[in-house]
Amino acid sequence: MSLSLTEPTDAAPAEAEDGVWLACIECGETLAPFDDVVYTCPECDSLLEVRYADPPTFDQFAGSGVWRYEAALPVPKHVSIEEGDTPLYTVPRLEEEVGVASLQIKHEGMNGTGSFKDRGMTVGVGAAQELGVGRLACASTGNTSAALAAYGARADMETLVLLPAGKVAAGKVAQASLHGARILEVSGNFDVCLDIVQDLAHRGEAYLLNSLNPFRLEGQKTIGLEILETHHERTGSYPDRIVLPVGNAGNTAALYKCFRELVQAGELTAEQVPKLTGVQATGAAPMVEAIENGADEIERWDEVETRATAIRIGNPVNAPKALPGIRETGGTAVAVDDEAITDAQRDLAEEGIGVEPASAASLAGLRELRERGVVADEEEVVCLTTGHLLKDPKAAAEAGAEPEPVPGTTEGVLEHLED
């Protein structure tokens, strides 16, 4: 099945409920959305996505936050902590330094649990309630576990989170712990955790809420809707390019789906769709490898390492959705080293925007692409930052200034300052 930007809207199959159904992105198999718990195609095991017979237009949206876009979502509002409606910051000094016509930062770290994952969880946990499941579960590099724990607690549902032992920032583990999730530390990396969670889900032991779950990505596509609406309100145009960090590639897939639906609804032309540009760390860059090699699928990296823990992933499960998104929008993907990520984290902080390392990869990637001449001077660019600075306080402290010991007197402080 094609994931073309200009594919026509599908007619609703017999399995659709209120114009909503699940479809396999490879073989086209269609399924009722809430008859059974299913994550991948029962015919070919490929990824599923939610489809709509009548994608909405901008004038059908009202209110604020994720649920402003209820007309574009597969479930009504069930479980919410007022997610979404995150700021789109202007950054005049960085804009001048990078040398593009416009640069704005969409800071998803300003969601309730400090990352974009809240958008997916408000829809995903709502779908879990529609399906009548009991136990929720996820594998995580940290942010997913924090969000799932919060939404599971809000919904009064048992929650399991599987984390790679010793590889998750303390701020994220603390969140999952305080919100009452059962934390299972696995001997292995994130991809091993995800393998186990998928097996648990297959056995019916838990409802999987990683981005393999098609309902979760529906919440994440509201990032794209907010960017487009806010940017157009400010400038009268849509951004030329959106640069975003890539871990499991869920946001890349979700934004592409958002744009496809807007084209289908007649709200965007294909030429108005922003170029999706993914950024990975050099130590965990299977998506970049696939883009650079012109490959149709990624090759799993079993060994990955980067200080940007949120994107320390070697097997992005949403690559089959994300690779077409990058290519169909005229985008690209680039890898940056940890030093460039840390520099970008510091420079965002100087603009008053505090992000965890993985978030800063978007700015680092934009700089690299400007140096290569890939991004043009006249482009209007939005960089997506996905998690708050306090998600990884150790990394923030290491990137920031050292405390300066001073005497316990005013005179001593003044003398220190003069020195």
Side-chain angles (χ1 to χ4, degrees), residues 1-57 60 69-76 78 119-120 122-133 198 201-204 207-222 224-225 248-268 270 296-297 316-325 327-328:
M1 174 174 282
S2 169
L3 289 182
S4 168
L5 188 62
T6 55
E7 66 180 315
T9 306
D10 295 338
E15 297 88 351
E17 297 178 11
D18 297 323
V20 178
W21 68 97
L22 295 173
C24 175
I25 68 168
E26 289 294 334
C27 74
E29 178 76 8
T30 57
L31 305 165
F34 301 112
D35 281 3
D36 298 298
V37 175
V38 60
Y39 310 100
T40 58
C41 177
E43 293 297 317
C44 70
D45 200 36
S46 297
L47 297 179
L48 298 172
E49 70 174 16
V50 180
R51 293 286 175 91
Y52 303 89
D54 189 20
T57 54
Q60 291 176 254
Y69 306 106
E70 186 170 337
L73 299 174
V75 295
H78 285 283
R119 293 181 186 266
T122 187
V123 177
V125 175
Q129 293 188 323
E130 293 272 344
L131 287 160
V133 300
Q198 286 182 254
H202 179 72
R203 298 184 188 198
Y207 183 66
L208 182 150
L209 272 162
N210 284 93
S211 58
L212 184 70
N213 184 313
F215 296 111
R216 220 195 81 180
L217 293 188
E218 294 302 289
Q220 289 170 221
K221 77 185 181 187
T222 63
L225 291 167
N248 243 340
N251 277 337
T252 312
L255 291 180
Y256 182 48
K257 187 169 188 292
C258 166
F259 302 150
R260 285 164 49 215
E261 290 173 358
L262 288 170
V263 171
Q264 290 168 356
E267 289 288 3
L268 291 180
D296 292 331
E297 57 187 36
V317 295
N318 284 294
K321 296 176 177 178
L323 287 170
R327 291 181 170 130
E328 287 281 319

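In this text the structure is predicted, and so the values were computed from the model without any measurement.
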Tell me, with the steps shown, if Leu225 and Leu262 meet side-chain contact (heavy atoms from CB on, under 4.5 Å).
CA-CA 9 Å; Leu225 291 167; Leu262 288 170; 3.9 Å; yes
Does any non-hydrogen side-chain atom of Pro74 lie less than 4.5 Å from one of Pro33?
no
My understanding is that only residues two or more places apart in sequence, or in another chain, count here; which of them pass ring-ring contact (aromatic ring centres under 6.0 Å, His included) with Tyr256?
none
Work out which heavy atom in Val123 is nearest to a heavy atom in Gly219; give both atom names and the distance.
CG2-CA, 3.6 Å
Using the test side chain to side chain donor-acceptor pair (under 3.5 Å), find all partners of Thr222 that sit at least two apart in sequence or belong to another chain.
Arg119
Between Glu218 and the options Asn213, Val50, Val75, the side-chain contact (heavy atoms from CB on, under 4.5 Å) test singles out Val50
If the condition is side chain to side chain donor-acceptor pair (under 3.5 Å), which residues does Tyr39 pass it with, not counting sequence neighbours?
none
Residue pair Cys27 / Glu43: nearest heavy atoms and the distance that separates them:
SG-CB, 4.2 Å
According to side-chain contact (heavy atoms from CB on, under 4.5 Å), who are the partners of Gln60, at least two apart in sequence or on a separate chain?
Pro56, Thr57, Ala71
Distance-minimising heavy-atom pair for Leu208 and Ala201
CB-CB, 3.8 Å
Can you measure from CZ (Arg51) to CD1 (Ile25) and round to the nearest 0.5 angstrom?
9.0 Å
Identify, with sequence neighbours excluded, every residue that meets side-chain contact (heavy atoms from CB on, under 4.5 Å) alongside Asp45.
Thr40
I'd like to check the side chain to side chain donor-acceptor pair (under 3.5 Å) partners of Glu261; sequence neighbours left out, ordered by chain and number.
Lys221, Lys257
So if I apply the side-chain contact (heavy atoms from CB on, under 4.5 Å) rule between Arg260 and each of Leu255, Leu3, Leu268, which one comes out positive?
Leu3
Sequence neighbours excluded, which residues qualify as ring-ring contact (aromatic ring centres under 6.0 Å, His included) partners of Phe215?
Phe34
Kindly list each side-chain donor-acceptor pair under 3.5 angstrom involving residues 316-324, sequence neighbours excluded, with atom names and distances?
from	atom 1	to	atom 2	distance (Å)
Asn318	ND2	Ser211	O	3.4
Asn318	ND2	Ser211	OG	2.8
Lys321	NZ	Leu48	O	2.7

Evaluate whether atom CG of Asp35 has more than 12 neighbouring non-hydrogen atoms of other residues, nucleotides or ligands under 6.0 angstrom away.
yes
Please name all residues satisfying side-chain contact (heavy atoms from CB on, under 4.5 Å) with Pro13, sequence neighbours left out, ordered by chain then number.
Glu15, Ala16, Trp21, Thr30
Could I get the full list of side chain to side chain donor-acceptor pair (under 3.5 Å) partners for Glu130, not counting sequence neighbours?
His78
Glu328: partners by salt bridge (Lys or Arg N to Asp or Glu O under 4.0 Å), with sequence neighbours left out:
none
